[in-house]
Amino acid sequence: MAALARSMQVEDAAHLLRRAGFGGTPDQIAHFVSIGSAAATNEVLNYENTPFDFDDDALLERLLITMPERIRGGNLQIPVQAIRLWWTYRLLTTPRPLEEKMVLFWHNHFTSKDDDGLLMLRQNQLYRTHALGNFRTLALAVSRDPEMLRYLNGNQNYRAHPNENYARELMELFTCGRVDPSGKPNYTEDDIKASARAFSGWNLRDEKFYFNPNQHDDTTKTFMGRTGNFNGDDIVDILVSLPATAAYVCTKLFRYFAYEDPDQYVVRELVRVYYASGYSIREVVSTIFRSDAFWSPKAQFALFKSPADYVVGAVRVAGLTDLFAPPLEQIVDDEDPAARGRRGPSPLARLNALTNAMRSMGQQLFAPETVKGWDGGRKWISTDTLQARARFANTISQLPAVIDTLAGALPYAPGAQAQSRTAAFAPASGDPAALVDTILRRMGPLTVSRQSYDALVAYARTETDPRPRLSGVFSLVLGTPEYQMA
Amino acid sequence: MEVSRRDLLRRSAVVAVGLAVPPWLSKMVWADGGAAMGFHKDVPQDRILVVVQLSGGNDGLNTVIPYADAAYYKARPTIGIPDNQVLALSDSIGLNPAMTSLKALWDQKQVAIVQGVGYPNPNRSHFRSMEIWQTAAPDKIETEGWVGKYLDAIRNGRASSLTGINIGGEENLAIESAHAAVPSIQGLANFGVIFPGNAQGQARQAALRQIQLADSTAPNGAYIKQTAAELYDSADRIHAGVAMYKSTIKYGRGSLSQSLQQIAMLINANLGTRVYYVSYGGFDTHNQQSRRQPDLLREYGDAVKSFMDDLSQMGFADKVALVTFSEFGRRVNENASLGTDHGTASEMIVVGGGVKGGLYGAYPSLTDLDQGDLKFTTDFRSVYATVLDRWMGADSERVLGGKYDNLEFI
């Protein structure tokens, strides 16, 4: 099945790059247009074939140097902010963005929140390992994940006093969901109790999963109409096999990648693939990317950009990655003598600014507000977060290094070269409308409303100083209603 | 629960709004809508609730002190407050000596203290216990807060986002709602102002406003425009309101004083806000408690006194009730670091011109303990229910998901 019936256009390539990643640069878009939709979709999905020699340990080591007081008594006490910076760096630099996009998905599906950076890091790596893996395998691994055992109190689940927290969320949020589309409950309180007993004794020892036979309820349970001496694995097996789980997970993935309200026939096809492939996430996601629905006009710009999409996307698409995720040797403690005398914020401060920006927009990574994760969709946009987005856009657009980079990346006239940037921004040669067009094309391509476009051009005409003009138009484009959508 | 709330909203959506209501208020459902939703008709729908969250677990025993109880001094040989220093409220209970301002309000009969407030199976984790207080749900994980649920019940869909305001940037589950985000305001002058105030910034600010208020045909363009309209409309009203604020009351420099002054300005601006939420932290006094807690309590008392004085001056004293809580009290016995560890029950303090001052509930026994901690005597949801039913005129059962006895402080 062809991914796209017609030949791939710039808009289609940009759409795929936004959904399977954080947006595309002109080079990436041109590459996808040239190889066509089938090959582009393959490239996106089989990201293992794209080399990414990323030294996680080296980056973490660098980041921890800047927080030395947190290493106490020889024990590795990693503040979660270090892990946040590490992940953000990865999001900015990865050449296989679908991998990170899936890790974001699982982070928001199998949620956890903790100040313990090491446990959050291990959980995050678990999601990367299984990013497009098998849903059953992933759910089994999550049930043993030390952070999850802590977050949802598995480590307090004892035979005599079963703790129901994990059992409840495993059903309500992680697999079948609370109710079916008609509003009928998918499980009863007795099912939760039985499941909690099956997971009893799944505890922690030395921050690792530990099956404690003395605390495990080794008796018969009745769960979802089946009776047996179930343990946690049996519960996961039963849950992943339920049609409700298939529909819940497939629908959630479709909403994440395509649009909010899939037709029933689309969900049915995804559910069929879910079973036929033995719960393969890759096959389900692949089916989404190859569906007519994904490429339909309805899907275009139909999703709200998450704060991660917004922040990481702005940096990547505008070609600013090196400024915010610099070579490791540039990441030094701001108190370090080597850092003295530098003008403007340090690379580390810039990276920190990105995580702070995401937080202000309502997405503090590793700290979802509630166990159900971020609602997303319309909830990304409120009076607060609309301000936070515009403030972030303005802040980065004012950094001299950003203006320099934009000036190089966004020549006024097509074909103008980076070395002519000074000339390009001399007022005499600058056509304000052309600047607006160039930035809209670069950041999307984006088609904004007539009113917004006129306001952008009017602004560009009144601001005659080329650098503030470039900075202003860039930040205003990031403030358009259209740019809030992915 | 879900269904009944949706039902509520659907009903409130069809309530006609009177023409006499000012245009910006017309977006909200006031007395008429309240009646349709089964709200108490006899309670005026212009009252305001201010929630003050003391983060970190305030030591209730050294705040409202059982100074006649020998067990208190036995448990706290070092950090216990000597009985001759306590600001006596009765022959057995007194305030921390740092709370002279609160004592002044007490003498004006404006302070109700509910003693021994807590919940069953207390959780001693800051995070979880705060979540319990914010969601009013000790037994299950809730994703919406009690203030958020109340606001959802009185809001017509997602109209006016200023129905509730969170002061400060702290994450706060209490205001989390199913339908509309409650704005967090960190500085009134900055609200809605993105760019610096110079000519260059003003040009961008004006352009951004035009761009975000444009009629966009893009998917969800109308929604974004609506949110932007609310933002800029709210910002205009806040800035205009702040400009009108005049007061002879001097607030302190502490963060709670500053926050409460901002709330006074917003109340004066008459934005139709029903609930303000503010957090004040630093109460996790595991060590050297006597060096830290008095300053925090002094700031609390001074801030509340300035706020109440300010409200009196603007004629709002009878329209505002301020409710204070902390996620837990602290262990009865002091620890080896001259501090106290995480505990359970503590008091809640309710202040306002419309409040019946006095002591409510029973002070928990200091000898009949549960694992070294106080046994609560009043469920915190009873205090919430009292405030919701009697002060806000709401239906507490719908907001809290259960019926809780009302207390008599309102």
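Just so we're on the same page: letters track the sequence lines, and every chain starts at 1. FYI, side chains are in, hydrogens and waters are out, and symmetry mates aren't considered; it's all heavy atoms of this structure.
Inter-residue side-chain proximity for A:Y459 and B:Q210 is flagged as unmet; no heavy-atom pair is nearer than 4.5 Å. A 4.5 Å side-chain heavy-atom check between B:I211 and A:P481 finds at least one atom pair inside the cut-off.
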>> Assess the residue pair B:S216 and A:E482 against the criterion (side chain to side chain donor-acceptor pair (under 3.5 Å)); give the C-alpha distance rounded to whole Å, side-chain angles, the decisive distance to 0.1 Å, and a yes or no.
In response: CA-CA 8 Å; B:S216 168; A:E482 291 79 5; 2.8 Å; yes
>> For A:S471 and B:R204: C-alpha separation, side-chain torsions, deciding distance, then whether side chain to side chain donor-acceptor pair (under 3.5 Å) applies.
In response: CA-CA 10 Å; A:S471 151; B:R204 290 186 193 187; 3.0 Å; yes
>> As a quick check of understanding, evaluate side-chain contact (heavy atoms from CB on, under 4.5 Å) for B:I224 and A:M485, giving each step before the final call.
In response: CA-CA 10 Å; B:I224 294 169; A:M485 308 305 294; 3.9 Å; yes
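With sequence neighbours excluded, no residue forms a side-chain hydrogen bond (donor to acceptor under 3.5 Å, both in side chains) with A:E147.
Per-residue counts of heavy-atom pairs under 4.5 Å with chain B were compared for A:Q398, A:E164, A:Q484; the largest is that of A:Q398. In terms of non-hydrogen atom pairs under 4.5 Å with chain B, the most contact-rich of A:N165, A:T462, A:T385, A:V448 is A:N165.
For A:D115, the CG atom counts as loosely surrounded, since its 6.0 Å shell holds 12 or fewer non-hydrogen atoms of other residues, nucleotides or ligands. Other residues, nucleotides and ligands contribute more than 12 heavy atoms inside 6.0 Å of the NZ atom of A:K298.
For B:D139, no part lies near chain A; criterion is any non-hydrogen pair under 4.5 Å. Heavy atoms of B:Y232 lying under 4.5 Å from chain A are absent altogether. Contacts of A:S397 with chain B are made by side-chain atoms alone, with heavy-atom separations under 4.5 Å and no backbone atom involved. Looking at A:T395, neither its backbone nor its side chain comes within 4.5 Å of chain B, counting heavy atoms on both sides. Neither the backbone nor the side chain of A:Y259 comes within less than 4.5 Å of any heavy atom in chain B. Contact annotation for B:A228: both backbone and side-chain heavy atoms come within less than 4.5 Å of a heavy atom of chain A.
Within the model, atoms OG1 of A:T383 and CG of B:L162 stand 7.5 Å from one another, a figure rounded to the nearest 0.5 Å. Interatomic distance, B:I185 CD1 to A:D384 CG, rounded to the nearest 0.5 Å: 7.5 Å.
Between B:L208 and A:A390, the shortest heavy-atom contact is CD2-CB, 3.7 Å. Of all non-hydrogen atoms in A:Q387 and B:G192, the two that sit nearest each other are OE1-N, 2.6 Å. For B:Q212 against A:G479, the heavy-atom pair with the smallest separation is NE2-O, 2.9 Å.
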Counting only pairs under 3.5 Å, give me each side-chain donor-acceptor contact of residues 193-203 of chain B, with atom names and distances, residues two or more places apart or in other chains.
residue, atom, partner, partner atom, Å
B:N198, OD1, B:Q200, N, 3.4
B:N198, OD1, B:G201, N, 2.7
B:Q202, NE2, B:G197, O, 3.0

